[in-house]
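Read through the structure below, which is laid out as structure tokens, and then see the notes.
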Amino acid sequence: MRKLILCMHVSVDGFVAGPNGEMDWIHVDDEIFDYAGYMTDDADTALYGRVTYQMMDNYWPTAADNPNASKHDIQHSTWYNSVEKVVFSKTLSESKLNNIRIISDDINDEIQKIKNRNGKNILMFGSATAAHSLMQYNLIHEYWLFVNPVLLGEGIPLFKNVNDKIALKLGEARAFASGVVGLNYKK
């Protein structure tokens, strides 16, 4: 069975965005991008909520074409263009999109079908609302949390709709030069 892996930046106090969706506090650099590249190497499906998908799709399909594209932009753009994208949405239509699967209801059943297909891991970057739905059905196998050294005080929480206690085991912890700490928890 394929693993569904959530990769998310989070504040020390557990928020993934500020009260108005602000993400200007998130720190990313080449060290973190290189580390995230190991995750994309083992994934052939990307999972997004509609808002995050539209943000990603406005940048990544052509990011490698920019004459000033970084190594990371080229690598991630290549990955993004090659993988199947699964998007949670009640407003997008599959007929207008290429290599996209839209899930608008029956999240648990639809994700189980994808997990049971042959292939590499399913990787989810961001998408707090979609993550909340996945947590509700206990569908996430691993959590990769990039804890940024900031307290927001309020905002969009990472953990919501967790119906039962989910025991996790620390798989890896890594401190980056920026002060961000990467934590990998597995069910």
Side-chain angles (χ1 to χ4, degrees), residues 1-19 21-49 52-53 55-56 60 70-80 83 85-86 88 111 114-115 119-187:
M1 179 182 290
R2 302 165 76 190
K3 292 189 295 186
L4 196 159
I5 301 170
L6 173 70
C7 181
M8 186 88 67
H9 282 272
V10 62
S11 66
V12 171
D13 52 351
F15 296 104
V16 296
E22 306 91 339
M23 294 186 289
D24 56 347
W25 52 271
I26 293 174
H27 181 83
V28 289
D29 58 19
D30 287 341
E31 184 183 22
I32 293 172
F33 284 139
D34 288 345
Y35 195 71
Y38 296 117
M39 287 179 260
T40 58
D41 289 346
D42 289 332
D44 62 4
T45 303
L47 178 62
Y48 302 107
T52 302
Y53 164 72
M55 180 179 69
M56 297 291 199
W60 289 116
S70 69
K71 174 185 92 170
H72 168 261
D73 285 345
I74 294 167
Q75 289 173 338
H76 197 78
S77 179
T78 301
W79 177 80
Y80 182 86
V83 299
K85 286 163 275 301
V86 177
F88 291 172
I111 294 298
I114 295 168
K115 287 168 64 173
K120 294 181 176 182
N121 293 329
I122 305 159
L123 189 56
M124 182 173 167
F125 285 112
S127 303
T129 303
H132 297 156
S133 296
L134 295 170
M135 287 179 211
Q136 180 180 6
Y137 296 109
N138 196 17
L139 293 169
I140 300 171
H141 292 96
E142 290 186 31
Y143 295 83
W144 277 95
L145 307 178
F146 290 89
V147 182
N148 285 251
V150 62
L151 296 169
L152 297 180
E154 62 179 337
I156 300 170
L158 172 56
F159 297 104
K160 186 175 174 182
N161 294 334
V162 177
N163 294 327
D164 295 314
K165 180 175 95 173
I166 300 171
L168 302 173
K169 180 180 179 178
L170 181 64
E172 184 177 344
R174 177 170 177 176
F176 296 96
S178 63
V180 172
V181 176
L183 300 172
N184 170 239
Y185 289 101
K186 301 175 182 186
K187 283 197 322 190

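Using a 4.5 Å cut-off on side-chain heavy atoms (C-beta onward), Leu158 and Leu145 make contact. Between Ile122 and His141, every side-chain heavy-atom pair lies at or beyond the 4.5 Å cut-off.
Nearest heavy-atom pair, Met8 versus Val16, reported as atom, atom and distance to 0.1 Å: CG-CG1, 3.4 Å. The two residues Arg2 and Thr45 have their closest heavy-atom pair at NH2-OG1, 2.5 Å. Contact record, Ala128 with Ile156: CB-CG2, 3.9 Å, taken as the closest heavy-atom pair. Of all non-hydrogen atoms in Leu6 and Ala131, the two that sit nearest each other are CD1-CB, 4.1 Å. Residues Ala43 and Val83 approach most closely at O-CG1, 4.0 Å, considering heavy atoms. Closest non-hydrogen pair, Ala130 versus Met124, comes out as CB-CE, 3.5 Å.
Not one N or O on the side chain of Asn121 forms a donor-acceptor pair closer than 3.5 Å with the backbone of Leu123. Between the Lys120 side chain and the Asp41 main chain, a donor and an acceptor come within less than 3.5 Å of each other. With Thr40 contributing its side chain and Gly37 its backbone, the two residues share a donor-acceptor pair below 3.5 Å. Under a 3.5 Å cut-off, the side chain of Ser127 and the backbone N or O of Gly49 do form a donor-acceptor pair.
Using a 4.0 Å cut-off between a side-chain N of Lys or Arg and a carboxylate O of Asp or Glu, Asp42 and Lys3 do not qualify as a salt bridge. Ion pairing of Lys71 with Asp30 is absent here, as no side-chain N (NZ or NE/NH1/NH2) approaches a carboxylate O to less than 4.0 Å.
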Please tabulate, for side-chain N and O atoms in residues 176-187, each donor-acceptor pair with protein atoms closer than 3.5 Å (sequence neighbours left out).
residue	atom	partner	partner atom	Å
Ser178	OG	Val180	N	3.3
Asn184	ND2	Glu142	OE1	3.0
Lys187	NZ	Asn138	O	3.0
Lys187	NZ	Asn138	OD1	3.3

List the atom pairs, with distances to 0.1 Å, where a side-chain N or O of residues 147-155 and a protein N or O form a donor-acceptor pair under 3.5 Å, not counting sequence neighbours.
residue	atom	partner	partner atom	Å
Asn148	OD1	His27	N	2.7
Asn148	ND2	His9	ND1	3.0
Asn148	ND2	Phe146	O	3.0

Do Phe15 and Trp25 pass the side-chain contact (heavy atoms from CB on, under 4.5 Å) test, and can you show the C-alpha distance, the side-chain angles, and the key distance before you say yes or no? CA-CA 11 Å; Phe15 296 104; Trp25 52 271; 5.5 Å; no

Show, in sequence, the C-alpha distance, side-chain angles and deciding distance for Trp79 and Met39, and conclude whether the side-chain contact (heavy atoms from CB on, under 4.5 Å) test is met. CA-CA 11 Å; Trp79 177 80; Met39 287 179 260; over 6 Å; no

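Of the inter-residue distances, the one linking Ile166 atom CD1 with Phe159 atom CZ reads 8.5 Å to the nearest 0.5 angstrom.
Ring centroid separation for the pair Tyr35 and Trp144 comes in under the 6.0 Å cut-off.
Between Phe88 and the choices Thr129, Leu47, Thr52, the side-chain contact (heavy atoms from CB on, under 4.5 Å) rule is met once, by Leu47.
Aromatic ring orientation, His72 versus Trp60: perpendicular (interplanar angle above 60°, classes split at 30° and 60°). Using cut-offs of 30° and 60° on the angle between ring planes, the pair Phe125 and His76 is perpendicular.
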